[in-house]
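Single-structure report; data block below.
The residues of the chain are indexed from 1 along the displayed sequence. Just so you know, ligand 1 is whichever comes first in the structure, and atom 1 is the first atom listed for that ligand. Note that the coordinates shown come from a computational prediction; the quantities given were computed from them, not determined experimentally.
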Amino acid sequence: MELKEVIETRRSIRKFKTDPVPEAYIDELLEAARLAPSGGNIQPWRFVVIKSPEARAQLSELTLEFVATAPVVIACCTDMSALKAQAARYKELRDSGAFEGVTMNLSRALPKSSQEMGEEQIRGYLHQNTAIAVEHMILRAVDLGLGCCWVMMFDRAELAARLGLPEHIRPFCLVPIGYPDQKPQPRPRKARAELVIKEI
Ligand SMILES: Cc1cc2nc3c(=O)[nH]c(=O)nc-3n(C[C@H](O)[C@H](O)[C@H](O)COP(=O)(O)O)c2cc1C
């Protein structure tokens, strides 16, 4: 599918067929997430792939009912300790030639180093990166004929406990994935004129 078609036809899907999602497709989704961009290339996204009927049944107690009806649910998480490797990631990036011929004038710059950021700002920054990986995954799912939904409504603490996640790995969102069993019309959107504040 052309990217434009993927973007235009994607819908949040909340009804799934019971057909399983091929393993190769799950790999494709994780690969799409892996290739997402991130600030300083820190790549803080982490995933738990939930497929077994037992694990999905447990999930149904912690989130919206439809989520556990999907044959696969990916719990998208953020590694809250990712900034510890910020300097290493940055060096790796520089060594790869990412900034060749580009003046990186850090004195003017703009993204604050993590030492200057408050806890809340760090959390927002890290999750922002995970969100990009999630959207990559969702668009690739549509490309493969799958449907999914970005779900923020769930009990994070309980999910982390049941998945046995270490303290620094925080659940960010759930993405139930399967073959769509509905064909929703486009959902309402604001007019473009409402979005562009001004052109200067
Ligand atoms: C950050 C985010 C959080 C969302 N959380 C939920 C959710 O918890 N439950 C749900 O059913 N849909 C959720 N959605 C889906 C939105 O309701 C949906 O994207 C919106 O209504 C527009 O519909 P569309 O995705 O079909 O275009 C979420 C979407 C985003 C991007």
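Contact residues of ligand 1 (protein heavy atom closer than 4.0 angstrom to a ligand atom; sorted by chain and number): R10, R11, S12, R14, L64, F66, C149, W150, V151, M152, M153, R187, R189.
A salt bridge does not link K17 to D181: none of the charged nitrogens lies less than 4.0 Å from a carboxylate oxygen. By the 4.0 Å N-to-carboxylate-O rule, E92 lies close enough to R89 to be salt-bridged with it.
Stacking of R94 on the aromatic ring of Y90 is not recorded, the 6.0 Å distance cut-off and the 45° axial limit not both being met.
Side-chain N or O atoms of R162 include none that pairs as donor or acceptor with a backbone N or O of A157 at under 3.5 Å. A donor-acceptor pair is defined here as one N or O able to donate and one able to accept, closer than 3.5 Å; no such pair exists between the side chain of R56 and the backbone of V72.
With sequence neighbours left out, the side chain to side chain donor-acceptor pair (under 3.5 Å) criterion links D19 to no other residue.
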